[in-house]
> 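Just passing along the structure, written as structure tokens.
Residue numbers begin at 1 in each chain, while the letters A, B, ... track the order of the sequences.
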Amino acid sequence: MPRHIHVSVAWPYANGDLHVGHLAGAYLPADIFARYHRLKGDRVLMVSGSDSHGTPITIEADRRGVSARSIFEHYHERFLLTQQKIGISYDLFTHTDTENHHRIAQDFFLLLLERGYLYKETQQLLYSERERRFLPDRYVEGECYICHYPEARGDQCDNCGNLLEAIKLINPHSKNYPDDLLVVREAEHYFIDLSKFTPDLLAYIDSHAHHWRPNVTAFSRNFINEGLRGRPITRDIDWGIPVPLEGWDDKRLYVWFEAVMGYFTASVEWAKNTGQPDAWKDWWYNPEARIYNFIGKDNIPFHTVIWPAELMGVSGIYNEGSDTPINLPYDVPANEFMNIEGKQFSKSRNWAIWLPDILERYQADAIRYYVAMTFPERADSDFSWEGFLSRVNGELVAAWGNLVNRMLSFAYKRFDGRVPEPGALTDADVEIINRVELGFDEVGKLIEQVKLREALQAAMALVREANGYLDRRAPWKTIKEDPEDAARSVYTILRVIDNLKILLAPFLPHSAQELHSYLGYDGQLFGDLTIAEYHESERSHKALVYDGSKAIGRWEPSNLPQGQALREPKALFIKLEPEIVERERAYLGAPRDEQPIRV
RNA sequence: GGUGAUGUAGCUCAGCUGGUUAGAGCGACGCACUCAUAAUGCGUAGGUCAUUGGUUCAAGUCCAAUCAUCACCA
């Protein structure tokens, strides 16, 4: 029975390129998980998209003197290309400025309002008379009221590190126009009354605590027990989703409130795009379906508290005539942070490894391998170029790539380009095949528990066992005195490699496909990842979409046909030069010019 | 200041609900092999499990304190 698995992936702010932190925190774990379930035959819906609203976008737009729309469209486009290249297999990667997302977010708002989860309150906010608008905290500077540092930001003081309330700053002024002194004005806003959800949220967390990561459970309980307060869900800005009420034309929905809805809205969009408008309900209103949210640890409360509260508040939406409750996240496998060469990522200091850059120089699967082996699943981890070099050369190339290369070329040259016909296998042959076939359960179980690093380690342990088997059987020796025995061991190792190909495919989809073809198979293990354009009534948008209709890969033991014609093999992976370590380190912290992404 | 986490072989890390001689990979050293991108295999060395105290027949594994590192919150 195929299971329904929803893979919800954090939505990146479209104000800068993707970096390895994004990959390690959410996108690669989600992709590995999704690919595994597709191989298992489960029905996977994996969605995400660019977060196009919020002050990070407008600030970047102001800095460059362009519109918010052009900033997010620019990075959205780069997100599509980058993720297509590295192979993040979204069924739909869209963005939050679609008419679909706007409409549904407004429906959420109206339903929450109707059901009494929202209330109005007057806030005191800083207002610029020169610009005739309220300024978000990030646009405000002033003297810190704690340490009296003169250029504190509206949300935090860079000098003493304290979080600040913009309204308390001494002599607050606009960041853009330092002589523009701000005044305090009152404005009315809607708030969501999170406290109403407290008992249900605690019950929700309790019911999942046994299978969640301990830090996710602990953090979420803590967050709730500190007391849930109402949070404003509207703001005085002009970039964002309009508040669907008369007289609220100059306000927008707060980005934190609407962006998480993307998991839902993108599911609806996917269903519509694929011509099956109700199909999204198979994940959202199906009690058997499981929703997994792949996020970084900074996002935990939004996914274990705020998003579930919003869902509880709108339960039943678009599903009239049924009392099935809407599905809440089944698991939120949040990753910690990945540091770079021992230091925390910093966009402003360019202490970052940008994906479009490294995809120019390294194979996608090499990057995927190292990052997956270094996933910050339990604690912060570190991306080091020395580690990259050592793992790629020592493990990916030397252990796995070389196992494939040495035996495929041996079989190709010495067995007439065909899978040998072995006759009866020896005990040693049967043993290694059995051992590797057990890997389907072993590795699969770990992936289902989202222990991806351990899963990859388990698969690589089998690679080492295969190398050990090969040395003991030594077909390059036996082919001289006992060719039939050589045929047995070569057939066996090819079958072992065929199995390992599938075990590694969620992690290394590109090279697995290449190997699939060298083994003489036709067809593709996974579907196609393409960039499509969708038109709505007024706007159109591009999206990354996965089409699995041609995929034939299955998470099951190899049935390698004897006598199958092999294709001439080439090395799967490029061995790295030691010099890259110094060269790459030199890029860190240095100014960087954005380059076009080559496909 | 509060909360949470981490501290195990030179390096990167496993060690679940406490129970025989503390494990893996890399690196080092020795041997074997030559099919392979000088790749692979086998073997050896190597740790008073941060410190101190406690609970227990028994603690790397539980409790407390201390030190160090980190993150989040105030």
> One thing to verify: whether Arg585(A) and Glu386(A) come together as a salt bridge, which I'm taking to mean a side-chain N less than 4.0 angstrom from a carboxylate O.
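Salt bridge between Glu386(A) and Arg585(A), a charged N being under 4.0 Å from a carboxylate O: yes.
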
> Are the aromatic ring centres of Phe507(A) and Tyr369(A) under 6.0 angstrom apart?
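That pair fails the under 6.0 Å test.
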
> Taking any heavy-atom pair under 4.0 Å as a contact, classify Phe573(A): base, sugar-phosphate, or nothing.
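If one applies the 4.0 Å heavy-atom cut-off, Phe573(A) turns out to touch a base.
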
> With the sugar-phosphate defined as primed atoms, P, OP1 and OP2, and the base as all remaining atoms, what B/S/- string results for nucleotides 11-18 of chain B, 5' to 3', for protein heavy atoms under 4.0 Å?
--SSS---

> Nearest whole Å is fine: how far is rU40(B) C1' from Asn467(A) CG?
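So the CG-C1' distance, Asn467(A) to rU40(B), works out to 6 Å.
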
> Taking salt bridge (Lys or Arg N to Asp or Glu O under 4.0 Å) as the test, write out the residues that go with Asp482(A), two or more places apart.
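If we apply the salt bridge (Lys or Arg N to Asp or Glu O under 4.0 Å) test to Asp482(A), skipping adjacent residues, there are no hits.
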
> Charged N to carboxylate O below 4.0 Å: is that the case for Glu454(A) and Arg378(A)?
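Salt bridge flag = no for Arg378(A) with Glu454(A).
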
> Hey, are Arg391(A) and Glu395(A) close enough for a salt bridge, meaning a charged N less than 4.0 Å from a carboxylate O?
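Counted as a salt bridge, because a side-chain N and a carboxylate O are separated by less than 4.0 Å.
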
> Taking 4.0 angstrom as the limit, do Asp485(A) and Arg473(A) come out as a salt bridge?
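Arg473(A) and Asp485(A): salt-bridged.
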
> Under the ring pair (Phe, Tyr, Trp, His ring centres under 6.0 Å) test, which residues partner Tyr13(A), sequence neighbours left out?
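Tyr13(A) satisfies ring pair (Phe, Tyr, Trp, His ring centres under 6.0 Å) with no other residue.
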
> Generate the contact string for nucleotides 26-35 of chain B. Rules: B means base contact, S means sugar-phosphate contact only, - means no protein heavy atom under 4.0 Å.
-------SSB

> Indicate the ring-plane relationship of Phe345(A) and Trp354(A), choosing parallel, tilted or perpendicular according to the 30° and 60° boundaries.
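Because their plane-to-plane angle is over 60°, the rings of Phe345(A) and Trp354(A) count as perpendicular.
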
> So what does Leu572(A) touch, heavy atoms closer than 4.0 Å: a base, only the sugar-phosphate, or nothing?
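It contacts base atoms.
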
> In what stems does RNA chain B take part, counting only runs of at least 3 consecutive Watson-Crick or G-U pairs whose two distances fall under 3.5 Å?
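Listed by first number, the stems are B:1-7 with B:67-73, B:10-13 with B:23-26, B:28-32 with B:40-44, B:50-54 with B:62-66.
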
> Could you tell me how far rA22(B) sits from rG47(B) if I compare only their P atoms? Round to whole Å.
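Those two atoms are separated by 12 Å.
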
> Taking only residues two or more places apart in sequence, or in another chain, which ones meet Glu60(A) in a salt bridge (Lys or Arg N to Asp or Glu O under 4.0 Å)?
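Residues passing salt bridge (Lys or Arg N to Asp or Glu O under 4.0 Å) with Glu60(A): Arg63(A), Arg64(A).
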
